[in-house]
Protein chains: 2
Amino acid sequence: MSEPEVPLARLFALGYRALVDGLHDELPRRGWTDVRPAFGFVLLALRDTPVLLRDLPATLGTSKQAVSKLVDAMVAVGYVERDADPGDARGKRVQLSDRGRQLLTAVEEVYADLERTWAAVLGEERLAGLRADLTAVLSSTTGGRLPPVRAVG
Amino acid sequence: MSEPEVPLARLFALGYRALVDGLHDELPRRGWTDVRPAFGFVLLALRDTPVLLRDLPATLGTSKQAVSKLVDAMVAVGYVERDADPGDARGKRVQLSDRGRQLLTAVEEVYADLERTWAAVLGEERLAGLRADLTAVLSSTTGGRLPPVRAVG
DNA sequence: GCAATTCGTCAAGCCAGTTGACGATCTGGC
DNA sequence: GCCAGATCGTCAACTGGCTTGACGAATTGC
């Protein structure tokens, strides 16, 4: 270690940048022109099932007001649908629209492509190890689940 | 892979968050109360030697106006000094002040502590592998040097 | 049944980035 | 030398996305 260690935080910032920039460079080429970076984590949160709006702040790690505006924006461009919470007339339920599901598919394809270029450098095995190690250390502090993301896009 | 892959981008966002939040939770406890997240990358850039202001936009990956304001803020709280570029009367040179150097030391200590908790989960060896793999893949696309960070704090 | 809490939104403010424009200085062709 | 054009840094105005504060509507618990 003759030269000073690059802080892990910087490496993560760079890795995140590389992937997110790669994604948002590619999406317009595939016809998706109204995707904001913050949409990604909402798509992910809604991936498998509708979600109550009240749960999103904790999932995303931001305020309910920020979530409200973010969901507004995604409803406006047609990626999610917001309807009534069947069990609580105060509440709202949010789910992917068909278009949102198509976008999620596109996002996952682009990420898969990008990760393939990583695999080309590292090899499948080290890439899998990278993912496993990151998952292990991140979930170790939060009882086995991945913690919420906050405000990084 | 029975459940869907967590995108690497999300893992990086989480890792970055965990480390940067850990840093900015700890710094005030050590008496550093006026440190903004964005300062970190400037400290790093000035670590070894004074730098010409004109080079910082490329290093940090933002506009010269943003750099100007950021350096303003760091000068105002006494972490860096901005004086004339000896070779060009239009230009400015930026360097760490004594206080800035002390802050950098504190930051590196805190990061070392945080990375120790990571090593406690992963072991030294896998942590070193993580760092090596990340460094390899990130510098592979930019000719062996790490690329600039952009606007992530 | 009524006080206290929760859900979502509106509104205003803030922080950090952007683009545009400008004075000051440097550079290169003549 | 000199002058047109480029470069350096800053000021200003704007933007996006977050925050906090406050509120109406609906629910919960005593």
Side-chain angles (χ1 to χ4, degrees), chain A residues 13 16-17 20-21 24 33-43 45-46 50-77 79-95 148-153, chain B residues 13 16-17 20-21 24 33-43 45-46 50-77 79-95 148-153:
Chain A
Y16 178 76
R17 262 299 140 201
V20 171
D21 287 353
H24 288 275
T33 55
D34 48 9
V35 182
R36 289 187 355 211
F39 290 4
F41 294 111
V42 179
L43 295 179
L46 304 183
V51 160
L52 298 181
L53 187 50
R54 81 166 139 265
D55 295 329
L56 277 179
T59 305
L60 302 178
T62 62
S63 65
K64 60 183 183 172
Q65 293 90 332
V67 168
S68 186
K69 290 211 277 187
L70 181 55
V71 170
D72 267 354
M74 294 183 70
V75 169
V77 292
Y79 293 131
V80 305
E81 294 162 357
R82 179 176 39 193
D83 50 26
D85 173 354
D88 184 337
R90 293 168 305 180
K92 301 287 175 66
R93 193 178 48 181
V94 185
Q95 60 188 315
V149 205
R150 217 179 62 204
V152 190
Chain B
Y16 178 76
R17 263 298 141 202
V20 171
D21 287 352
H24 288 275
T33 56
D34 50 7
V35 182
R36 285 182 4 207
F39 290 2
F41 294 111
V42 178
L43 294 179
L46 303 183
V51 159
L52 297 181
L53 187 51
R54 82 165 139 265
D55 295 329
L56 278 178
T59 305
L60 302 178
T62 62
S63 65
K64 60 181 181 171
Q65 293 92 329
V67 168
S68 186
K69 291 209 277 187
L70 181 55
V71 170
D72 267 354
M74 296 185 70
V75 168
V77 292
Y79 292 131
V80 305
E81 293 161 359
R82 178 177 40 193
D83 51 24
D85 174 352
D88 185 338
R90 292 168 306 178
K92 300 287 174 66
R93 194 179 46 181
V94 184
Q95 60 188 315
V149 204
R150 217 180 60 204
V152 190

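What you see is a predicted model, and the numbers here were worked out from it, not measured in a lab. Numbers restart at 1 for each chain; the letters A, B, ... are given by sequence-line order, proteins then strands. As a basis for the values below, the full set of heavy atoms in this structure was taken, side chains included, without hydrogen atoms, waters or symmetry mates.
- Closest contact between the side chain of A:Gln65 and the listed nucleotides C:dG20, D:dG9, C:dC10 involves C:dC10.
- B:Ser68 places no side-chain N or O within donor-acceptor distance of the main-chain N or O of B:Lys64, the cut-off being under 3.5 Å.
- Across the protein-nucleic acid pair, A:Arg54 atom CZ and D:dA26 atom P stand 15 Å apart, rounded to whole Å.
- Between the CG atom of A:Leu52 and the P atom of D:dA26 there is a distance of 17 Å, rounded to whole Å.
- Place A:Asp88 and A:Asp72 on DNA chain C by their nearest nucleotides, and A:Asp88 ends up nearer the 5' end.
- In this model, the phosphate group of D:dG9 is not approached by any side-chain N or O of B:Arg93 to a distance below 4.0 Å at OP1 or OP2.
- Classification of the B:Tyr16-B:Phe41 ring pair by plane angle, with boundaries at 30° and 60°, yields parallel.
- Annotation: of the two residues near DNA chain D, A:Gly87 and B:Lys92, the 5′-most nearest-nucleotide partner is B:Lys92.
- The side chain of A:Thr62 places no N or O atom within less than 4.0 Å of a non-bridging phosphate oxygen (OP1 or OP2) of D:dC18.
- We find that A:Asp85 and A:Arg54 are joined by a salt bridge, their nearest charged nitrogen and carboxylate oxygen being less than 4.0 Å apart.
- Remark: C1' of D:dC18 and CZ of B:Arg17 are 11 Å apart, rounded to the nearest angstrom.
- Atom NZ in B:Lys64 sits about 12 Å away from atom C1' in D:dC11, given to the nearest Å.
- D:dT15 atom C1' lies 12 Å from atom CZ of A:Arg36, rounded to whole Å.
- Whole-Å rounding puts the A:Leu56 CG to C:dC7 P distance at 13 Å.
- For A:Lys69, counting side-chain heavy atoms from C-beta on, the closest listed nucleotide (D:dT19, C:dG8, C:dC26) is D:dT19.
- Atom C1' of nucleotide C:dT9 and atom CG of A:Asp85 are separated by 16 Å, given to the nearest angstrom.
- The side-chain contact (heavy atoms from CB on, under 4.5 Å) with A:Arg93 is formed by just one residue from the set A:Asp88, A:Val51, A:Asp83, A:Asp55; it is A:Asp83.
- Across all strands shown, B:Ala66 has heavy atoms under 4.0 Å from base atoms, whether or not it also approaches the sugar-phosphate.
- Checking A:Ser63 against A:Arg90, the closest nucleotide of DNA chain D that is more toward the 5' end is the one next to A:Ser63.
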Assess whether side chain to side chain contact (heavy atoms under 4.5 Å, CB included) is satisfied between B:Asp72 and B:Arg82, documenting all intermediate values.
-> CA-CA 9 Å; B:Asp72 267 354; B:Arg82 178 177 40 193; 2.8 Å; yes
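- The distance from atom CG of B:Leu70 to atom P of C:dT18 is 11 Å, rounded to the nearest whole Å.
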